[in-house]
Amino acid sequence: MAKHDEGDYSEADLRVKGQKDHAAGPTAVAVSMKRAIDHMGIKRTAQTLLKLNQAEGFDCMSCAWPDPDVGHRHAAEFCENGAKAVAEEATRDRATPEFFAEHSIAELDTRSEYWLGQQGRITHPMVKRPGATHYEPIEWDEAFELIAAELRSLASPDEATFYTSGRTSNEAAFAYQLFVRAFGTNNLPDCSNMCHESTSIALQESIGIGKASVTLDDVHTASVIVIAGQNPGTNHPRMLSALEIAKENGAKIISINPLREAGLVRFKNPQKPSGVIGHGTALSDLHLPVKVNGDLALFQAIGSLLVEWDALDHEFIDTYSTGFDQWREHVSAVDWDHVIEVTGLSRELITEAAQMLRGSTRTVYCWAMGLTQHRNGVATIKEVVNLALAQGNIGREGAGLLPVRGHSNVQGDRTMGIWERPPAHFLDALQKEFGFDPPREHGLDVVDSLRAMRDGKVQFFMALGGNFVQAVSDTDTAVAAMRKLRLTVQVSTKVNRSHLVCGETALILPTKGRTEKDVQASGDQWISVEDSTCSVHASRGPLEPASPQLKSEVDIVTRIAEATLGDQYDLQWKAMRDDYRVIRRHISRVVPGCEDYEVNVRRPGGMIMPHPPRDSRTFDTKSGLAEFVASPIEVVHVPEGHVLLQTMRSHDQYNTTIYGLSDRYRGIEGGRKVIFLHPDDITAFGLQDGQLVDITTRWLEDDVVRRVHGFRVVSYDTPRGSAAAYYPETNPLVPLDSTAIGSNTPTSKSVVVSLTPSAGEHTGGSDAAADSDAATQDATGADWSHKKQPQPEHLS
Ligand SMILES: Nc1nc2c(c(=O)[nH]1)N[C@H]1C(S)=C(S)[C@@H](COP(=O)(O)OP(=O)(O)OC[C@H]3O[C@@H](n4cnc5c(=O)[nH]c(N)nc54)[C@H](O)[C@@H]3O)O[C@H]1N2
Ligand SMILES: Nc1nc2c(c(=O)[nH]1)N[C@H]1C(S)=C(S)[C@@H](COP(=O)(O)OP(=O)(O)OC[C@H]3O[C@@H](n4cnc5c(=O)[nH]c(N)nc54)[C@H](O)[C@@H]3O)O[C@H]1N2
Ligand code: SF4
Ligand SMILES: [Mo]
C-alpha cells in the first residue's frame, strides 16, 4: 500500500536524548532489518541483501567505500545504511499516475522531503504541461520527442545544462557525456561540484591526479590513520570494519572533527561476538575537536613541528617533489597564537598529534566534506598533501591519501567524462573514436549553471538522478531559477523536491535502480562502477523492476540522443542500448586505463585503475614532480554575536533523501530542525537549551536576508563558536556566491550566522523550500545592521 494516506511528521514530536559513544552494534542490525522488512517484506529482503556487495551481485548504491577482496567477504557484506539505501529503492510502495492525479504539484510541495520519499517508486513517465496543476502520464516516445524539440529550438547548445548525480553507472555516464558533447556543449555539472571538487582540484595540482592513492590493504596495514572532517560511522559505515582491522594490526587513529562522532570514538562490530555483547573496539586514539574551518591552520602547525623535528623523508623530498623549501619556510613561521585561536586546540594537543605522525612511516590521510566545503577547502587539502609528501607517505605500502567519496559512483562518472572542464586528451580521444569535434570551451558547473538559469542564459535543465534544487546552496535562488526554465527533465527513481520546483514543462522519467534486472535486446545487462580506491567492478541487480514501464538510464539517454541527433555522426545509439558491451568497447578506447575493460571489469573483484603516484611515484603535474604548496592561513572571520554553522548529514538520510527521523548517535529523534551549540554559546546569546530560534546568514555581498525558522537549540559537545545543523533544511542559508576558492564548491560547512528567538510557536513547516519562501518575504528585522560592501567581510 502506498503511504500517501498517512500524514506528514511534525517537528513538535522532536525529542533530544543523550549523545552515544559508539557506532553500529546490535541496534544497527535491528534497525536495518526492520527498515528492510518494512519496505520490502521478508522474501525480498533476503533476496536482495544477500546479493549486496557480492562478486556476482550488485554494488551498494549508497556510499563509495570499497569492498574487501573476494574471498574475504562476509555473507552479509553491508552496513545499516547500505541496507536502508537498498530498502528505499527496493520498496514495495509505488507513486503511480493515480497518486499524481490525486495530489496537485502545489500540494506536494507543502510536504516534507521525508514524506515525498516515502511514497515509493515512480512507475510511469509523467509530464507537467504548461499551466497544468498536476503531473499526468505521458508515453515514452512523446517524452523523448518533447525533449528533442526543445533542445533543437535553443539558440545555442550552451542554453542547456545536463546534471548528473553520482549513482549513475559508468555505461550510462559515458553515453550521457557523449550525447551532451555531440549535441554541442560541455555543460555537465555534477554532484561532485558540491562534494569532493576541492579534493579533485587540490590533488590534480599537487600530485597530478584527483583520486585516492591507497587501496583497502593500505588502510589495513597503516600505522597511523588520520580521519579529518568525516563521519564514517554514518556515511561510510563499513570503513569502521577496515579501521578495526587496522587497529588489530597496531594502527593508531587520530580524528579531527568539531564533533565527537560516535563512529570515531568506538565501534561495535556486529559481525563479531565482542561487538554484540562487549564494549567493541575503541577506534580513535587521539581526538582533536577542531573549530569549524580551523583545519588549514592545524595542518600547518603540524607541518611546522615535523620540520622542526626533522621528521622528514628527505630522499622522497629530493627525488620526487618540488617547492619544499618555500613550504618549510612558510610553516616554520607559523603564528602559534593565531593557530590556537582559530583551531580552538591547545599547543599540547597539536603537538601530541604531530608526535604520533613523527614516528609513523605508514600514514593514511582520510577526509571528506568537513574539509572540502569551505572557502579555503582547496588550500586545506593541499596542506594535507604537504604533510604526506614531507614524510614520503605516498606511493608506499600502508600510506597515502584517501579522500573518501560520497555517492557510490561519483568517481566513476568523472572518469567517464562527466566534467564541465574535460581535459584536452579526453576530448581528443572522443574525437578519434567518434569522428566529430567535441566542444572545447569549458562548460558550467553546478553553481554557474544555477547562475545561468537565474540570469535567463539557460532554458533547459536535465538531471540524470539527484535532487538539484534541494542539494544546491541558496534554496530560494535555486527555486526561482528552476521555475524560469522552459523544460526540466528529471530521470529519477523516487519523488523529490526537484519534481515540484520545475520548469514551464516538466518531465519525470522513471528509471531502474541498482537492485533491478536490466534486460535489453541482446539479453541480460550488467553495469560497472568505481569506488573511492579506484577499484572498478561489475554490478547486476537481482529484482524485477518496480514497474514494467521503467527504462534503464542507458536506455533513456540513448533514446534522447537518438530523438535529438538522429543519425548525426553515425553514433549508433541503438547498438549501445541493445548491448552495453558496445559502450564498454568505446570506453576501452577512449578512457585511459580502461584497456580490455570488458574482461578486466568482469573478473570477480574487478580491476584497479592506474594511479601514477601510487604505482610508481610518478607525478603528472606542471613540474612533473609532486608539488608542495604554501598557502596563507585564511580563515572565516566570525564577528561577535555570530557562530560558524556547518551543515551535515544525520544518521537517517541519504543526502536529500530522508530515510527516517532518527539521528541515533547524536540522540535526536522524531524531527530534524535542530541547531547544535556549545552550552556557553547558548548562555552568551541569552538563549536556552530547547528554545526555538531563527537562523540568519551574515553575508555582506548582496542585499538578501537568508533565514530559516524554528530550529530547536540543542546543547552539544561542539567547540565554542562552531554550530551544526542538518542539510538540506539549512541550504537556504548558504549564499550562492559563497564558494571555495579554486573549486567553486558551496561553502556548506562554514556559514556565518546569528540566532534570534523564533516569534510565537513557530515550529514551522518541515521543508526548506517552504521555509525559505517565508525567509525572502520576511526580509525585515534582521538582528545585524545590513550594509552593502564591495568585499565580503568573510575572510580575514
Ligand atoms: N548514510 C549516508 N551515507 C552517505 C551519505 C548520506 O547522506 N547518508 N552521503 C554520501 C555523500 S554524497 C557524501 S559526500 C559523503 C559525506 O560524508 P561526510 O563528509 O562524513 O558527511 P557530513 O555529514 O557532511 O559530515 C562531515 C563531517 O565533517 C565534520 N566537520 C564539519 N566541519 C568541519 C571542519 O571545519 N573541520 C573538520 N575537521 N570537520 C568538520 C562534521 O562534524 C561531520 O562529522 O557520505 C556519503 N555517504
Ligand atoms: N548544505 C549542504 N548541501 C549539500 C551538502 C552538504 O553537506 N551540506 N552536500 C553536497 C553533496 S556532498 C552532494 S553529493 C549533493 C547531493 O546531491 P544529489 O546527488 O543531487 O542528491 P541526492 O539526494 O543524492 O539525490 C537523490 C535523488 O536521486 C534519485 N535517485 C536515486 N537513485 C537513483 C538512480 O539509481 N538513478 C537515478 N537516475 N536517480 C536516482 C532519487 O529520485 C532521489 O530523490 O548535495 C550537496 N549539498
Ligand atoms: S559502507 Fe557504504 S557501500 Fe558499504 S554497505 Fe555501507 S553504505 Fe553500502
Ligand atoms: Mo557527496
Side-chain angles (χ1 to χ4, degrees), residues 52-53 59-67 77-86 88-89 113 116-117 122 163-169 172 190-192 194-196 228-232 234-239 241 255-259 261 264 288 290-295 298 367-374 380 404-408 410 463-468 470-473 490-499 509 511-514 531 553 556 644 646-657 659 718 722 724 727-728 730-731 733-734 745-746 748-751:
L52 182 50
N53 294 325
D59 182 72
C60 178
M61 70 291 270
S62 187
C63 80
W65 186 253
D67 301 315
E77 191 57 60
F78 56 86
C79 68
E80 174 189 350
N81 281 344
K84 284 186 200 162
V86 168
E88 278 289 308
E89 181 178 302
E113 207 66 47
L116 293 175
I122 306 163
Y163 177 70
T164 314
S165 169
R167 274 192 189 175
T168 294
S169 66
D190 71 343
C191 65
S192 202
M194 301 180 261
C195 184
H196 264 295
Q230 192 201 348
N231 180 19
T234 286
N235 296 316
H236 307 91
R238 276 189 314 158
M239 180 172 167
S241 309
S255 58
I256 302 174
N257 198 311
L259 308 183
E261 305 283 26
L264 294 172
L288 304 182
V290 67
K291 277 195 195 171
V292 167
N293 198 239
D295 305 82
L298 169 64
W367 70 90
M369 297 305 100
L371 298 196
T372 63
Q373 297 173 333
H374 293 281
T380 302
V404 186
R405 300 278 160 179
H407 270 292
S408 56
V410 62
L464 195 55
N467 183 3
F468 186 82
Q470 206 64 309
V472 76
S473 46
Q490 304 283 343
V491 180
S492 310
T493 52
K494 299 186 97 177
V495 185
N496 66 42
R497 185 78 44 207
S498 299
H499 302 139
L509 305 181
T511 192
K512 294 175 191 169
R514 281 284 168 81
D531 66 32
E553 291 187 339
I556 293 171
L644 198 55
Q646 58 135 325
T647 63
M648 59 183 188
R649 291 152 175 81
S650 83
H651 190 65
D652 217 2
Q653 72 185 85
Y654 191 85
N655 299 335
T656 69
T657 302
Y659 296 149
T718 180
S722 296
Y727 131 75
T730 43
N731 286 42
L733 295 171
V734 188
T745 296
S748 327
K749 295 286 189 283
S750 39
V751 195

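Please read all numbers here as calculations on a predicted model, not as lab measurements. In each ligand, atom 1 is the first atom listed, and ligand 1 is the first ligand listed.
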> Only heavy atoms of Glu261, strictly under 4.0 Å: list the atoms of ligand 1 that pass.
42 (O), 43 (C), 44 (O)

> Kindly tell me which protein residues have any non-hydrogen atom under 4.0 angstrom away from an atom of ligand 2, grouped by chain and ordered by number?
Tyr163, Ser165, Arg167, Cys191, Met194, Cys195, Met369, Gln373, His407, Gly465, Gly466, Asn467, Ala471, Val491, Ser492, Thr493, Lys494, Asn496, Thr511, Glu553, Thr647, Arg649, Tyr654, Asn655, Thr656, Thr657, Tyr727, Asn731, Ser748, Lys749

> List the steps, then state whether side-chain contact (heavy atoms from CB on, under 4.5 Å) holds for Asn53 with Arg238.
CA-CA 11 Å; Asn53 294 325; Arg238 276 189 314 158; 3.6 Å; yes

> What atoms of ligand 1 come within less than 4.0 Å of a heavy atom belonging to Gly229?
19 (O), 26 (C), 27 (C), 28 (O), 37 (C), 38 (N), 39 (N), 40 (C)

> So is His374 touching ligand 1 or not, going by heavy atoms under 4.0 Å?
yes

> Checking Tyr727 now: which residues fulfil ring-ring contact (aromatic ring centres under 6.0 Å, His included) with it, not counting sequence neighbours?
none

> Side chains of Arg514 and Ser408: any donor to acceptor distance under 3.5 Å?
yes

> Do any nitrogen or oxygen atoms of Ile256 lie less than 3.5 angstrom from nitrogen or oxygen atoms of ligand 1?
yes

> Under the criterion side chain to side chain donor-acceptor pair (under 3.5 Å), I'd like the reasoning laid out for Asn496 against Gln490: C-alpha separation, chi angles, the key distance, then a yes or no.
CA-CA 10 Å; Asn496 66 42; Gln490 304 283 343; 5.6 Å; no

> Which atoms of ligand 1 are found less than 4.0 Å from any heavy atom of Pro258?
30 (N), 33 (C), 37 (C), 39 (N), 40 (C)

> Does either side chain, that of Thr168 or that of Glu553, offer a donor lying less than 3.5 Å from an acceptor on the other one?
yes

> Decide yes or no on salt bridge (Lys or Arg N to Asp or Glu O under 4.0 Å) for Lys84 and Glu88, but give the supporting numbers first.
CA-CA 6 Å; Lys84 284 186 200 162; Glu88 278 289 308; over 6 Å; no

> Taking non-hydrogen atoms only, is Val290 closer than 4.0 angstrom to ligand 1 via side chain, backbone, both or neither?
side chain

> Should you measure from each heavy atom of Asp295, which atoms of ligand 1 turn up under 4.0 Å away?
34 (C), 35 (O), 36 (N), 37 (C), 38 (N)

> Taking 2.8 Å as the upper limit, name the protein N, O or S atoms near atom 6 (Fe) of ligand 3.
Cys79 SG

> May I ask you to list the atoms of ligand 1 that are less than 4.0 angstrom from any heavy atom of Asn293?
34 (C), 35 (O)

> So, is Asn257 polar-close to ligand 1, with some N/O to N/O distance under 3.5 Å?
yes

> Using heavy atoms and a threshold below 4.0 Å, how should the contact between Asp67 and ligand 3 be classified: side chain, backbone, both, or neither?
neither

> Check ligand 1 against Leu259 and write out every atom of the ligand that is under 4.0 Å from a heavy-atom position of the residue.
42 (O)

> Within ligand 1, which atoms have a heavy atom of Cys63 less than 4.0 Å away?
47 (N)

> Mind checking what makes ring-ring contact (aromatic ring centres under 6.0 Å, His included) contact with His651, not counting sequence neighbours?
Tyr665

> Just which atoms of ligand 1 are under 4.0 Å from any heavy atom in Thr234?
1 (N), 2 (C), 3 (N)

> Within the 3.5 Å criterion, strictly below it, is a donor on Thr380 or His374 matched to an acceptor on the partner's side chain?
no

